[in-house]
Amino acid sequence: MTLFWFFVFPIVFMLIFGIVFGRDGAPSVFTVGTVDEEGEITATLGKSDLLRVFQEGEISSALRALRAGKYDLVIHIQKGKVMLYYSAQNAGKAQALEGHLKSMLLEAELRREGRTPTTMVEKILVEIPHFRQMDYFLPGILAMALMQLGLFGSLDFVSLRERKIIRHLGATPLRRELLLWSEIMVRMGVSFLQTGLIITAGWLFFRVQVPESPSFLFWVLLGSATFVSLGYCIASFTKTIESAEGIIQMVQFPMMFLSGIFFPPEMMPESLRLIPRLLPLSYFGDALRHTMIGIPTQFGLTNDLLILLGWLGVSFFLAVRFFRWE
Amino acid sequence: MWAVLVEELRKYYGPVKAVDGVSFEVPLGEVFGLLGPNGAGKTTTVETVTGLLRRDQGRVLVLGFDPLMNPSAVKSRIGVQLQIAHLFPRLTVLETIRLFGSFYPQRRPAEEVLALTGLGEKARVFVDKLSGGQLKRLSVGLALVGNVEVVFLDEPTSGLDPQARRSLWEVILTLRREGKTVFLTTHYLDEAEKLCDRVAIIDQGKIIALGKPRDLIAEHFVEKAVEIPRSEVRETNALTGIPSITRVSVDDEKVTLYTLNLAQVFVDLGQLAERGYLALRNIVVREATLEDVFLKLTGRRIRD
């Protein structure tokens, strides 16, 4: 029953995310209010695809509309001076528009003096495969699911230990290492099953491409092994199933949201950007995105490999060193 | 070769001396009983001998092997029933028997184990749905499933109803007929007397008597025992100093007198009754038992 939820949860997660964020976002359009006595600049701005320009008569009414959320930005154009008003959540847009305005004004000024800019900027489109939100998202879900299977998988062992079943088995010729390895093998098997399930669901519902490169399977194996190992490492340092569960939640929950498996780390505030680099899930997600879908890697596959191997090695060593059978 | 050889075995838990210098040998084919009250060290002895617990001191050999040095050589040839069974709750009885059977190089057919333990009707029931007595019988069955040479049973009959107890005695007698060695612990003295070739009486971590039940009784008692309910004796002091009575022991339930001369005791008791010291309505005369031996050696009853 527990296993059932482990299987189903990521699929449900995928469906919800897919439905909410699945649409390809149109390029964002800036809504701008202008107060412009001459109207010349406003007319030029109005030609841009990125801007929806509304002319306001008074700066005070324009600012009121900005506060009410009607405008992203307000431009107040006076002689020799252009003021750009914005609210904190639109800081990024203000920055973009500032550059745009400056170059426009410069160009206009040059033209007024009868000169044309000597250096032209030309835009050339380079074809990179187009990735939808879902393409980015699916490997993230897979990474999350395998992390959870690995971490929570150790709880079964903790429960056998707590219920003294392992102790009872200790009276039989069964070697307990064999018991542990069979647990681990089952976990790995379940991980591959889960992988198949998520990929199938992703293709069925969202036409996310099915990975072709066999190296993808290697990464599934490496990632699962890392998190299974981390799970047993935590199990070694806890006594009861409740404490093990608590610690695992404490580990997996921040990882789920801070590893950049659901959105690019650029979307995070600057001050938090270091965190994904500390979490193994970031590297696992990065490698899966690349090997499953072909999304360019963020850290480089070699780094992904080395860091995951590092986590695997250290947690495996600690799990073995501090293992508790009873 | 001994099935089990134990020399100066010690196991301490901090200041508590659970097993404090125990020595005994069990020859192959014997049914050996370790007898004692709760907390005497029976379970600790079984668990150190079978290698489930590490001993602090002493020597243990099971079928010639040290269970700590050579656990696989020992464990594949012994079956252990633990006092409290800890089994997979979501396996059925039959699945559990098959699973445990798969751990051993030789095994009894699952059907035979079910028949021996009387669990045939429960074969498809989940372990967590069994009653305490059924779980205990399953646990005994798991000690037999390996068709092993030595079977350790730790309180196999405690918590069983009288009928289940008796059918378990049959299992032990069957094992004896098969030539298996059985090491069992119990606090039922009648059980030990009936089943065991030899018993060791253990109290507070030490063995206080060891031998065949008959020999132990004969060694400590040539007397007969006379029991009078405690409520019918008004003055226990009146019983001391009567020459025909060799020993008197008193507990909450009854007063037990031991005597070599039954006829004289009845005369003496009759006189006491006439004088109003006691009543003679529910008097019982019996042979001395292991219970009396334990009482004599420790001053306590075994089930206090």
Side-chain angles (χ1 to χ4, degrees), chain A residues 1-8 149 152-190 193-194 228 231-232 235-236 238-245 320-326, chain B residues 43 46-54 62-63 65 67-68 70-91 96-107 127-128 135 138-154 183:
Chain A
M1 202 56 200
T2 330
L3 211 53
F4 173 76
W5 286 113
F6 269 111
F7 276 130
V8 167
L149 276 175
F152 286 104
S154 69
L155 288 181
D156 272 13
F157 189 83
V158 176
S159 146
L160 289 183
R161 187 175 70 195
E162 200 179 337
R163 293 194 218 167
K164 301 192 178 176
I165 293 170
I166 290 176
R167 183 168 201 273
H168 197 142
L169 292 172
T172 73
L174 174 71
R175 282 173 39 240
R176 46 193 190 176
E177 290 80 9
L178 194 68
L179 176 75
L180 182 61
W181 279 111
S182 67
E183 275 278 332
I184 291 173
M185 287 301 128
V186 169
R187 296 294 140 205
M188 301 300 281
V190 168
L193 215 65
Q194 176 74 283
V228 166
Y232 282 105
S236 292
T238 50
K239 279 207 178 78
T240 64
I241 192 143
E242 284 82 11
S243 63
E245 209 170 345
V320 170
R321 174 74 186 70
F322 294 100
F323 204 79
R324 289 166 198 251
W325 291 102
E326 286 176 12
Chain B
T43 295
V46 169
E47 292 190 349
T48 43
V49 169
T50 54
L52 258 110
L53 278 178
R54 302 195 73 83
V62 178
L63 295 163
F65 295 103
L68 294 181
N70 215 331
S72 56
V74 172
K75 283 177 181 170
S76 57
R77 294 167 70 191
I78 66 171
V80 185
Q81 172 247 323
L82 298 175
Q83 196 173 356
I84 301 167
H86 301 286
L87 301 169
F88 294 94
R90 299 306 280 171
L91 288 186
T96 305
I97 291 171
R98 293 222 171 105
L99 176 70
F100 274 66
S102 72
F103 301 153
Y104 292 89
Q106 293 180 337
R107 65 199 69 115
V127 166
D128 64 355
L135 192 63
L138 173 58
S139 179
V140 171
L142 297 177
L144 315 178
V145 70
N147 200 17
V148 288
E149 292 155 67
V150 187
V151 178
F152 290 85
L153 304 174
D154 191 4
F183 183 124

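So that the names make sense, note that chain A is the first sequence line, chain B the second, and so on, each numbered from 1.
A heavy-atom distance below 4.5 Å is found between the side chains of Leu169(A) and Phe88(B).
No other option in Leu52(B), Thr50(B), Val80(B) has as many heavy-atom pairs under 4.5 Å with chain A as Leu52(B).
Heavy atoms closer than 4.5 Å to chain A are found nowhere in Ser102(B), neither backbone nor side chain. Phe100(B) touches chain A through its side chain: at least one heavy atom from C-beta onward sits under 4.5 Å away, while N, CA, C and O do not. Interface remark: Gln81(B) contributes no atoms to any contact with chain A (heavy atom separation under 4.5 Å). For Ala85(B), the parts lying under 4.5 angstrom from a heavy atom of chain A are both the backbone and the side chain.
Summarising the geometry, atom CG belonging to Leu87(B) is positioned 5.0 Å from atom NE2 belonging to His168(A); distances are rounded to the nearest 0.5 Å. In this structure, Leu99(B) CG and Thr172(A) OG1 are separated by 8.5 Å, a value rounded to the nearest 0.5 Å.
Residues Pro173(A) and Ser76(B) approach most closely at CG-CA, 3.5 Å, considering heavy atoms.
Of residues 157-167 of chain A, those residues with a non-hydrogen atom less than 4.5 Å from any non-hydrogen atom of chain B are, in numerical order, Leu160(A), Arg163(A), Lys164(A), Ile165(A), Arg167(A).
For the pair Lys75(B) (side chain) and Gly170(A) (backbone), a donor-acceptor distance under 3.5 Å is present.
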